[in-house]
Amino acid sequence: MINGGEVNLSDTFSIIVSISAEVGFNTLNVSGNVTSTVNRNDLNLASGTKEVDITFNINSGSLGEGNIDFQAVDEEGNTATTSFSFVVVSPKAKIQTAVILYAPLGDLSSETFYSILNNETYSRNEVESTADPISASIDFGYYYGASDNASLASPAEYPIYNLTDAGWVTRNATILYTTAITSAEYLEMITVSDLEVAISDIDLSNANGTVTNLSEGDILIFKTVEDIQGLINVSAISGTDGSDGKIEIEIKLAL
């Protein structure tokens with residue numbers, strides 16, 4: 001038995017099976033999580049070939065333990081067997097820390113908007129002063145409203161600026177939702193699987209692209225138009241709707 005250790009969910013890894021047969025290799029039978037039969041004709045090997053290396057590319061499949069059994073058969077029907085075991089684990093969630101978004105300002109200079117995939121903040125000036133289609137990458141922005149207080153909104157629902165008239169060709173309709181997940185529960189979520197389970201347990205059928213009246217310690221779910229999802233932790237809020245207004249968030253990606 002060969003212990004191959006841990007592999008990440010959905011990863012592909014290779015196993016090389018080396019066979020030495022005194023009277024010549026004939027067949028390799030594979031069973032367990034992978035089933036296959038390979039003979040010397042499949043490999044275009046001459047009769048009597050003694051040394052053979054066969055490579056198998058394995059997809060890790062589902063979470064949990066995996067095992068593959070190999071039985072080598074020579075030209076006289078003699079057999080030798082071995083096994084390869086492995087454990088499929090969920091990869092660690094990607095964390096984007098200390099993301100700071102500022103309240104919108106009249107001169108359009110504040111870094112109000114955020115792109116999850118780029119892990120970059122943008123002002124309206126940055127988005128609109130270039131021919132690059134930056135708006136297509138932006139997932140949400142921050143604002144502080146008279147009654148909404150500290151809030152996040154997708155470009156499709158952003159209420160402070162008129163992004164359509166501003167020429168944003170793409171206004172992404174990111175889903176945002178305030179959860180009952182506690183800060184302690186959030187900290188315990190380490191893997192992509194942890195996040196996927198937490199998200200799957202919450203009904204998002206009535207969720208839209210705006211979350212208002214946020215407080216430090218709130219945990220939000222997001223889902224982008226590219227179907228990227230994860231959690232947002234509101235780390236800190238300071239100021240209101242002036243130049244001192246800002247929110248700090250941390251993001252865990254189920255990616």
Side-chain angles (χ1 to χ4, degrees), residues 93-146 148-179 192 195 199 202 204 206-216 218-255:
K94 182 179 179 181
I95 303 177
Q96 295 174 177
T97 61
V99 176
I100 299 176
L101 301 176
Y102 293 87
L105 298 176
D107 64 2
L108 314 184
S109 65
S110 57
E111 301 279 321
T112 298
F113 298 99
Y114 181 65
S115 167
I116 291 171
L117 278 183
N118 295 347
N119 191 21
E120 292 283 350
T121 60
Y122 298 92
S123 69
R124 260 192 63 183
N125 283 336
E126 289 173 306
V127 175
E128 297 162 24
S129 63
T130 175
D132 293 338
I134 295 175
S135 66
S137 68
I138 290 176
D139 299 297
F140 55 82
Y142 177 63
Y143 72 94
Y144 197 100
D148 289 348
N149 296 316
S151 304
L152 296 176
S154 71
E157 297 187 13
Y158 195 78
I160 304 301
Y161 297 137
N162 187 328
L163 300 181
T164 301
D165 289 351
W168 286 40
V169 177
T170 303
R171 295 180 300 120
N172 287 324
T174 308
I175 292 173
L176 297 163
Y177 187 76
T178 304
T179 76
V192 170
L195 297 181
I199 292 169
I202 296 174
L204 296 177
N206 293 320
N208 53 33
T210 304
V211 285
T212 62
N213 294 294
L214 295 173
S215 301
E216 293 179 7
D218 281 348
I219 308 298
L220 319 175
I221 283 177
F222 70 85
K223 184 176 289 188
T224 73
V225 293
E226 294 92 0
D227 208 29
I228 297 168
Q229 57 187 9
L231 298 178
I232 298 171
N233 175 33
V234 179
S235 305
I237 298 171
S238 60
T240 56
D241 60 352
S243 59
D244 64 336
K246 63 182 178 180
I247 188 171
E248 180 178 343
I249 60 176
E250 178 181 277
I251 296 174
K252 288 185 179 180
L253 292 167
L255 182 67

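Annotation for L163 and P155: closest pair CD1-O, 3.7 Å, computed over non-hydrogen atoms. Listed here is the closest heavy atom pair of D244 and G239: OD2-CA, 3.6 Å. Residues S151 and T212 come closest through the heavy atom pair OG-CA, 3.3 Å. Taking each heavy atom of N172 and D139 in turn, the nearest pair found is ND2-OD1, 4.5 Å. Residues N213 and D218 approach most closely at O-OD2, 4.3 Å, considering heavy atoms. Taking both residues in full, the closest heavy atoms of A207 and Y177 are given as CB-CD1, 3.7 Å, listed atom of the first, atom of the second, then distance.
Checked by atom type, the side-chain pair T112/R124 shows no donor-acceptor distance below 3.5 Å.
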Apply side chain to side chain contact (heavy atoms under 4.5 Å, CB included) to residues I232 and V211 and explain how you reach the verdict.
CA-CA 12 Å; I232 298 171; V211 285; over 6 Å; no
Side chains of residues 95-108: which donor-acceptor partners sit under 3.5 Å, not counting sequence neighbours?
| from | atom 1 | to | atom 2 | distance (Å) |
| --- | --- | --- | --- | --- |
| Q96 | NE2 | Y114 | OH | 2.5 |
| Q96 | NE2 | I116 | O | 3.4 |
| D107 | OD1 | S109 | N | 3.1 |
| D107 | OD1 | S109 | OG | 2.7 |
| D107 | OD2 | S109 | OG | 3.2 |

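A heavy-atom distance below 4.5 Å is found between the side chains of T210 and Y143. Contact annotation: the side chain of W168 approaches that of F113 to within less than 4.5 Å [non-hydrogen atoms, C-beta and beyond].
Atoms CD1 and CG, on I175 and L204 in that order, are 6.5 Å from each other to the nearest 0.5 Å. Distance check, rounded to the nearest 0.5 Å: OG1 of T224 to CG of L255 gives 9.5 Å. Here L220 contributes atom CG and I251 contributes atom CD1; the two are 9.5 Å apart, rounded to the nearest 0.5 Å. In this structure, R171 CZ and T164 OG1 are separated by 3.0 Å, a value rounded to the nearest 0.5 Å. The line from CG of L214 to CG of N149 is 9.0 Å long, rounded to the nearest 0.5 Å. One distance of note links CG of L117 with CD1 of I138; it measures 12.5 Å at 0.5 Å rounding.
A distance-only check finds no donor-acceptor pair linking the side chain of D132 to the backbone of I134 [under 3.5 Å]. Looking only at distances, no side-chain donor or acceptor of S137 sits under 3.5 Å from a matching main-chain atom of S115. The backbone N or O of E126 sits less than 3.5 Å from a side-chain atom of S123, completing a donor-acceptor pair. Distance alone, capped at 3.5 Å, places no donor-acceptor pair between the N233 side chain and the S235 backbone.
When L231, I228, L195 are each tested for a side-chain contact (heavy atoms from CB on, under 4.5 Å) with L253, only one passes: I228.
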